[in-house]
Trainee: 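Okay, handing you the structure first.
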Amino acid sequence: MIMLLVMIGVIFIGFPISFTLLFLGLTFGYFSFGETVFELAYFQTIGMMKTELLAAVPLFIFMGYITEQAGLMERLFTAFRIMLAPVRGALFAVVILTAAVFAMATGIVGAAVTVLGIMASPIMIKTGYDAKLSAGAITAGGTLGILIPPSVMLIVMGPVLGVPVTDLYAAAFGPGFLLAGLYLAYLLGRSFFNPKLGPPVPKEERVHSVGKILYEVAIGVVPLFALIAATLGSILAGLATPTEAAAVGALGATLLALAYRRFTIGGIKQAVLNTTATSSMVLLLAVTSNVFGAVFARLGSANWITQWMLALPLSPTVMLIMVVALIFVLGWPFEWPAIVLVFVPIFYPVVVALKFDMVWFGALVAVTLQTAFLSPPVAMSAYYLKQVVKEWSLGTIYKGMFEFMILQCIAIGMIVAFPEIATYLPNKLREAANAVRVEAPAEGDTGMGAYTTEGSYEDQLRDALREERAEEAGKKNAEEEKAGGDDLEKGDMKPRGETKPQ
């Protein structure tokens, strides 16, 4: 427990999280286990390096930066603005829709908030949109990238919770679209009853040509949806692993940058540098938190915390709310990598003991951590926006974000009350995967080509094949046992007095 308290205190002082975790893990481990701690750190590091799934982290981040440089977000914003121009609160809706769609092509937050601020804020200020609502819409919409797949956070969270990333991706769509829907309903509702908050686009600035509108949709929306289908579609359909899909997405984003003539040597260099910096931060923290967690567990601290929490006279639901509240509070001073890699593993045994669905819990944690991007004093989204919109003070931005924090809390309550919001899609995909049709292979043909599937994941297919072979082996063993029993019965039918001739 001292180890955990020292870690929190040192990080609050301002020391880098990764080096703090490594130093404390090796120091406490050396005084407890001796030189064995170095062997433990070595094997934990090697084990982390062998995790193929983590290779998707830099690929998805690179895809996000290239997509940003390709100008896809600007084209998407323009297309939605032209289509929704006559609607009250049109720019609010454009910001949320652009953020939600762009989130499915990036998985990062900083770039989305920054680009939305650059594109939307000048128009909002010019047309007289309410500053607080505008700032809240941009920051809240930009944070959808941490939740809606291909979220980098969900890739990191999957191994921590011991669940497939494909299931977490499927589970995150419901809460992500729920939040986007709440944002839209709130913004459009307030604009409808008070048009001064968000007036329609002036008539003289609207595009009335149907051909022009279709052209903007074709070049601004269709290519991005094709990229999303190639990445997320292949993952959810079981055609590719997240790492393979991330590679396809990075290549697709690069081709779109070339097609839009936005591919430059300077741009690709900056994207590589940004990708390296972000990926290094996440992966270094993954290694050091793994070492810290291994020492923490061997000292028995994790078991002590689990037993203490389970001994509290609280119902499982109340206990879960307490865990979520702790994660929410931790989100104020810490960013998501520290919470997912350090604190979630501490709460993991408690949630397992309470027998909650870990996929659902992962989606709940993701929504809670998204709220952390909107909660002061850290609230990185506020600083991202302030850097590009000098006209809005931090106070104005914070006030706008607070309104959307309330919507976030409502969404968390709905996910707790109605778990199907998160579990419906993964359950449907799992049912489809379990409906595997296995045709009898030709004699001597044991290859995978002899089997056909419908909407199944690769691992589900392998499981089905194993089950079939196990059933065949079981039938064969049963026949052998039956044959042996018949022989035994025949032997028992001999006369008792009969003896073998001498």
Side-chain angles (χ1 to χ4, degrees), residues 51-73 75-76 97-109 111-112 115 142 144-159 163-177 180 219-260 262-263 268 271-272 274-275 278-279 282 362-363 366 425-426 428-429 432-433 455-459:
T51 306
E52 180 185 344
L53 183 64
L54 292 180
V57 172
L59 290 171
F60 272 129
I61 292 174
F62 180 75
M63 171 184 163
Y65 284 120
I66 290 295
T67 303
E68 175 196 353
Q69 290 193 9
L72 291 179
M73 199 172 192
R75 293 180 180 277
L76 188 67
L97 291 174
T98 302
V101 175
F102 195 70
M104 292 188 285
T106 57
I108 53 178
V109 172
V115 176
L144 289 173
I146 199 177
L147 175 62
I148 297 178
S151 166
V152 174
M153 182 181 69
L154 296 179
I155 295 176
V156 178
M157 190 187 298
V163 298
V165 174
T166 50
D167 286 352
L168 277 181
Y169 273 6
F173 275 113
F177 293 145
I219 66 170
V221 178
V222 175
L224 193 57
F225 272 100
L227 182 63
I228 293 169
T231 53
L232 294 182
S234 60
I235 294 173
L236 297 178
L239 301 176
T241 65
T243 305
E244 294 166 347
V248 172
L251 176 61
T254 305
L255 293 177
L256 286 178
L258 286 169
Y260 288 130
R262 298 287 292 269
F263 186 90
I268 193 72
V272 170
N274 291 340
T275 300
T278 306
S279 303
V282 174
L425 183 56
K428 282 295 182 182
L429 291 175
S456 61
Y457 296 111
E458 184 179 357
D459 56 344

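All values below come from the heavy atoms of this structure, side chains included, with hydrogens, waters and symmetry mates left out.
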Trainee: Tell me every residue that passes side chain to side chain contact (heavy atoms under 4.5 Å, CB included) with A99, counting only those two or more places apart in sequence or in another chain.
Mentor: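 L116.
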
Trainee: Does a side-chain heavy-atom distance below 4.5 Å link T67 with L256?
Mentor: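 No, their side chains stay 4.5 Å or more apart.
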
Trainee: If I compare all heavy atoms of I146 with all of S151, which pair ends up nearest, and what's the gap?
Mentor: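 In this case the closest contact between I146 and S151 is O-OG, 2.6 Å.
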
Trainee: Evaluate the side-chain proximity of M63 to T231: yes if any heavy-atom separation is below 4.5 Å, no if none is.
Mentor: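 Result yes, sub-4.5 Å side-chain heavy-atom pair found.
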
Trainee: Rounded at 0.5 Å granularity, tell me how far CG in L54 sits from CG in L59.
Mentor: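 Rounded to the nearest 0.5 Å, the CG-CG separation comes to 11.5 Å.
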
Trainee: What side-chain donor-acceptor pairs closer than 3.5 Å can you find for residues 221-228, not counting sequence neighbours?
Mentor:
none

Trainee: If you round to the nearest 0.5 Å, how far is CG of L154 from OG1 of T166?
Mentor: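 Answer rounded to 0.5 Å: 11.5 Å.
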
Trainee: Can you give me the closest heavy-atom contact between F60 and P242, atom names plus distance?
Mentor: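 Shortest heavy-atom contact: CE1-O, 3.9 Å.
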
Trainee: List the residues meeting side chain to side chain contact (heavy atoms under 4.5 Å, CB included) with T275, not counting sequence neighbours, and say none if there are none.
Mentor: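 With sequence neighbours excluded, T275 shows a side chain to side chain contact (heavy atoms under 4.5 Å, CB included) to P58, I61, F62, Y65, S279, given in chain and number order.
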
Trainee: Which residues pass the side chain to side chain contact (heavy atoms under 4.5 Å, CB included) test with P159, not counting sequence neighbours?
Mentor: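 Side chain to side chain contact (heavy atoms under 4.5 Å, CB included) list for P159, sorted by chain: L53.
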
Trainee: Of all the heavy-atom pairs spanning A103 and P150, show the shortest one and how long it is.
Mentor: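 The answer is O-CD, 3.6 Å.
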
Trainee: Can you confirm whether V165 sits close enough to T241 that some side-chain heavy atom of one is under 4.5 Å from a side-chain heavy atom of the other?
Mentor: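 Side chain of V165 against side chain of T241, heavy atoms only: no contact under 4.5 Å found.
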
Trainee: List for me each residue that meets side chain to side chain contact (heavy atoms under 4.5 Å, CB included) alongside V282, sequence neighbours excluded, and say none if there are none.
Mentor: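 Residues passing side chain to side chain contact (heavy atoms under 4.5 Å, CB included) with V282: V57, V156, W336.
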
Trainee: If you measure from CG on D167 to CG on L425, what distance do you get to the nearest 0.5 Å?
Mentor: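 Spacing of CG (D167) from CG (L425) equals 9.5 Å.
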
Trainee: Is the distance between the ring centroids of F177 and F173 under 6.0 Å?
Mentor: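 For F177 and F173, the ring centres are under 6.0 Å apart.
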
Trainee: If I compare all heavy atoms of I155 with all of A56, which pair ends up nearest, and what's the gap?
Mentor: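 The answer is CD1-CB, 3.9 Å.
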
Trainee: List the atom of L168, the atom of V163, and the distance in Å for their closest heavy-atom pair.
Mentor: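 The pair with the smallest heavy-atom distance is CG-CG2, 3.8 Å.
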
Trainee: Can you list everything that forms a ring-ring contact (aromatic ring centres under 6.0 Å, His included) with F263? Sequence neighbours excluded, please.
Mentor: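 ring-ring contact (aromatic ring centres under 6.0 Å, His included) check on F263 returns nothing, list empty.
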
Trainee: Where is the tightest heavy-atom contact between A100 and A180, given as atom of each residue plus distance?
Mentor: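 For A100 and A180, the tightest heavy-atom pair comes out as CB-CB, 4.4 Å.
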
